[in-house]
Structure formats: C-alpha cells, structure tokens
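Quick notes on the structure that follows.
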Amino acid sequence: MSSLRCITKHPTISLVESSTTLNQLKEIHTQLLVNGLLNGDDLLGRFAASIAVHNPNNLDYSNQVLSQCPNPTLFTFNSMIRAYSKSSTPQKSFHFYSRILQSSDDLSPDNYTFNFLVRTCAQLSSRETGPPVHGAVVKHGFENDPHIQSGLISMYAELGCLGSCRRVFGEIPEPDVVCQTAMVSACAKCGDVGFAREVFDVMPRRDPIAWNAMIAGYSECGKSTEALNLFHLMQMEGVKVNHVSMISVLSTCSHLGALDQGRWAHAYIEKNRLPMTLTLGTALIDMYAKCGDMNKAMEVFWGMREKNVYTWSSAMNGLAMNGFGEKCLELFSLMKQDGIQPNEVTFVAVLRGCAVVGLVEEGRDHFDSMRRVYEIDPQLEHYGCMVDLCGRAGRLDEALDFIVSMPVKPHAGAWAALLNACRMYKNMEMGELASRKIVELEAKNHGAYVLLSNIYADFRNWDGVSNVRQLMKAKGVTKLPGCTVMEVDGEVHEFLVGDKSHPRYNEIEIMLGEISRRLKLSGYVANTNPVFFDIEEEEKEDALRDHSEKVAIAFGLISLRKGMPIRIVKNLRVCWDCHEVTKMISKLFNREIIVRDRNRFHHFKDGECSCKGYW
DNA sequence: CTAGGGTTAG
C-alpha cells in the first residue's frame, strides 16, 4: 500500500541514490511493473534515467530498464549520455546520441545533449570525435550556450589544442567567470601558464575557484614558487581558501620536498577546519611521503576513514621510495583485503617495493599477475621496474631478457636501469651496449655518458673514459648543474654546485673544513685519488667538496639545532663519494640526514643508509 | 526531472 502511494506521487524514482542496492532497484522495478503504471507517464524511462544519474554503478541495469521502454524521451537519452560520459566506457554515449538522431519520435538533440557529449569527448581525449561534435554543436545552433562553451574549452585542453581553446574563448563576447576559469585551466594544461596568468589577471571578478585554477596551473607546470606566491596573495586579498586550494599547495610542497611548508599547510587545514576529504587526505600523505617523513604519512593514512586506489598507491609508493619495501608489500595485501582494485600505478609501487628489498621472485609473480589476474597490460614503466629489480639483484642476464621481451621498443629508462646495474656489478660489455642504446634514443642523455665513464674508470680503462668525454664534447652534451635545496626555519636555501654566494658561506667553509678534518681522523681517504675522481657520477667538478649536497649538509650542521634531522632535496642522483661521506657524517656528527634525490630517499643514520648501497 | 570552471598516486 505504501509503495503504491510512493509511485503515484513519483518519489519512488527519486529514492534511487548512490547507496541503493541492486536488489532494491529490482524491487522498485517490480513495483512499477506490477502496478501497471508504466504506460503513459514514461515512468520506466525516468526510472532508467534516475539509475543512470544517481546510481551509475548499475548502468547495466539502467540499460535493461531502458530496453523495456517503448519510446524513451530525450530526457532519458540525455541522462544516459551524461552517465556514460563519466563512466569507464565514455564512447558508449554515442550509442544514445545515435538513438536520438534516429528516433521515430523526431527527437532532436538539445543543449543538454551536447553539453554531455562534449564532456564525453573530453573524457575520451579523442581528436576524432571532439571536433565533429563541436561541428554538430554549431550546426544545431548551440555555440552561444555558456555551459557548452566552457565544456568545449575544457575539451580542447584535453586534446592539447591550445589554439582551439583560444578560438572558442575569443568568440565569446562577454565570457563569464566560469568560461574564464576554464580558459585559465586550459592554458595551464596546454603548457602556456603565462597566458593563463594573463587571462586570470584581467578577470573582472575572481572567485575562489578561479584562484584555485591558477594555483593548480602553476603547480602542475612545476612553477612551485609562483604557486605558493599566488596562494599567499590569495590570502592577502581576503579570498576564501578552501580544501581544494590546499590540495594544490600540498602538491607543490611534495614537489619541492618542503616539509616545513607542508607542515604549515597541514596545520592551516586543521586550524581552519577545512573538510578532510579523500583527495585532501591523499595529498597530505603524498606530501609527507615525498618530504621523507613516512611516519607522519602513515599516521595520516591510518587515520583516514575512506581510502581509494590513489590513497593506497600514494602510501605504497612513499614506502617504496623511502626504502620500506616490506611495508609496501604488506600494504598491498591489506589493500586487496579491503576490496580495492589495484591499477597500473599501484603496480609501479609494488614492483619498486620488491626492488628495494631484492625480492626478485615475488616481483616476477606480481608482474605476471598484472595481466593474468587484473587484466592490466604492463606498460614501459613496469618493464623498467623489472629491469631494475633483476639488475639490483645482480641478475643482469634476466634484466636484459626483460628488455628484449618488451612488446614495444624499449625506452631509454629501461636501458638506464640496466646500465645502472652494469655499473654496480661491473659489467663493461653490457654497459657499453646499454649506453649505446640510450644514446641512440636520447643523444644528449648526460647520465648515460657519465655512468659509462664510471664503468670504464672501474676497469682502469682510461682510454674509454677519455673517449666518452670526447664524445660528449663532440655531441655538445651539457649537464644539468647539480642543485640542492633545503629549508631552514621555513626559509628555502638553494645551493648550486660550486656556488659560494650564500651569505653565510664563510661559516659553511669552516664547517666543510671541520668535516674533512673529522673524516680524515676516522680514516676516510680524501678524494684526490684519480680513481675516485673518475668515479664521480652526474657531476664533474675539480673539487668534490663543492658538490651541492655537501655544502647544504654543512649549512645544516651550523644552522639546525642539535638533534634536528637535516633534510635536503637534490635534483640529480647522489654521487658515490657524497653518499660515502654522508654516511660518515651521520655517524661522526650524530645527525640524521635525509636526502631526496631524483629517484628516491636516502635516510642516513649512524653511518648507514636506508638504500643499502644500491640506488 | 538531465548542465558549466578548480582537486590526489607513476
């Protein structure tokens, strides 16, 4: 009786929500059929639409209901297009678009249809469908609809067509704040963050979303300083900061490895009681992980009520990067127990976790399970991880087998992983092969030349060393200057290799002297030895003591209170000599030193490093 | 009853 009343007033359909179970849907469906109300009022069509929009997990069921509908309305088809535009198979939207065009009821697509269809194209990131749909928009006369205009701008940004974004935007006589924000975001996504800023600067009204778009744009382009500056400007102008703003701020801190600023952001979120959403929590985990504070990252992780594949993958990747391979694999088990489906990014973390612990067989099993159990085709990255995994364990032939077995042409990264292993395990022939391959792919890959030169030096093959140098000169290979960044009391200090311009350089120099004195006392052989000289890695300077990380560590020793760990971020890989020296400093000065290099973390303590000598 | 811009992992 009560259900009948519900149906006559139609609220049964609006009862469909995301938590409605399939059984409940079936119950409602049965009531609709039993009560014979399906005729005349298009209840079934509305029911199908309602499922599609509010309960997209049951899109199949929605289709089933739709199939019992003799003459679905435009409303129903539009709802289906909308649902599929957000699904994992957006291309199915076009099926319903065709049904509109071919309908015997003379249905004609309206502004809603195109709005959703444009989103489908953005989702598909397809240059085949995007422009024709834009054409259809114009043909049907909807090109002046602001909803569709903003959608088109986002769509062309997905396609990487900045020119088209500008054309669409330019044809809007008086773009509103939404279209302007879409344009800011689009320009940044296409790499022209300068133009994004121009659009942003001339906006007559900037709401918090516009600010967030601009900050995120800087953040994505790696313009960290600009991102943080704009965030501060946003606060000074009294614009309401929300949790989305903080996601970009945290992401910037992750990028910089700026723990102090990251902690400040965390405190700001709590002080202002911003909602701790799933995304924000994940950004926090990533920030702590990329700043080397894995304890704090896991504290946040365990405190989160809800976790998705991003949350798990961030934590797992953080554990692997920080050298906690077993923990990473434990987390993987827990994730599966929790019923979260791993994806290709999760497997990058899993394989890295295996690599840092040297679990070759387990890594192989996980790699095989990708396709077999999860139907994920391994990508270049996964093959690269396998090469690294085998290579680290000294199984160079197996590593090479993985490269040979790649379904596509191996990328430089795979060969680089092999080359690194060749350096560690002193295999000159394979090292030569690997570096030749890298240089074929990337003629100016500085790291490849340096590693090869290191291998030759290991073999006292000075002709080889000299040939590599000549080759580099002939090809005009330039090196990226080594650079180390560290925070002291929230202030960022940058040290370039050989740069003595720091205001406290005199004190730093005294400390560098003190460091070498203590090193010598403890038996460290100064690196004037020509063998050491040639074993340096990505950097080549006359005096190894000028390597930026050493200068930064010296500055840390004089500027950070006793007991405070020294945290530094280096743009290149740490060189062998610096690694040795840092191990000893951690012991001699009783300091924890945490170094993030281009690939991973090194946690130095009591003369040991978490990477156990392989990086 | 179906619309628009900002947000996380490699």
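What you see below is based on every heavy atom in this structure, not just the backbone, and it leaves out hydrogens, waters and symmetry mates. All chains are named by letter (A, B, ...) in the order of the sequence lines, taking the proteins before the strands, and each is independently numbered beginning at 1.
- At a non-hydrogen distance threshold of 4.0 Å, A/Asp207, A/Ile209 from residues 202-209 of chain A come into contact with DNA chain B.
- Nearest nucleotide to the A/Arg82 side chain, out of B/dA3, B/dA9, B/dG5: B/dA3.
- Comparing B/dG5, B/dT8, B/dG10 by their nearest atom to the side chain of A/Glu381 picks out B/dG10.
- Sorted by first and then second residue, the side-chain hydrogen bond (donor to acceptor under 3.5 Å, both in side chains) pairs with a member in residues 193-202 of chain A read A/Arg197-A/Asp201, A/Arg197-A/Tyr218; sequence neighbours excluded.
- Among A/Tyr374, A/Phe367, A/Tyr383, the one residue that satisfies the ring-ring contact (aromatic ring centres under 6.0 Å, His included) test with A/Phe347 is A/Tyr374.
- For A/Thr129, the side-chain hydrogen bond (donor to acceptor under 3.5 Å, both in side chains) partners at least two apart in sequence or on another chain are A/Ser126.
- No donor-acceptor pair under 3.5 Å is formed between the side chain of A/Thr20 and the backbone N or O of A/Val16.
- For residues 235-256 of chain A, proximity to DNA chain B is found at A/Asn242, A/Val244, A/Ile247, defined as any non-hydrogen atom under 4.0 angstrom from a strand atom.
- Distance from the side chain of A/Tyr112 is smallest for B/dT2 among the nucleotides B/dT2, B/dG10, B/dG5.
- Non-hydrogen atoms lying under 4.0 Å from DNA chain B are contributed by A/Asp145, A/Pro146, A/His147, all within residues 140-149 of chain A.
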Worksheet item: Between A/Cys354 and A/His366, does a side chain to side chain contact (heavy atoms under 4.5 Å, CB included) hold up when you go through it step by step?
Response: CA-CA 9 Å; A/Cys354 292; A/His366 286 307; 3.9 Å; yes
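- Residue pairs that meet the side-chain hydrogen bond (donor to acceptor under 3.5 Å, both in side chains) test with at least one member in residues 322-340 of chain A, sequence neighbours left out, are A/Asn322-A/His603.
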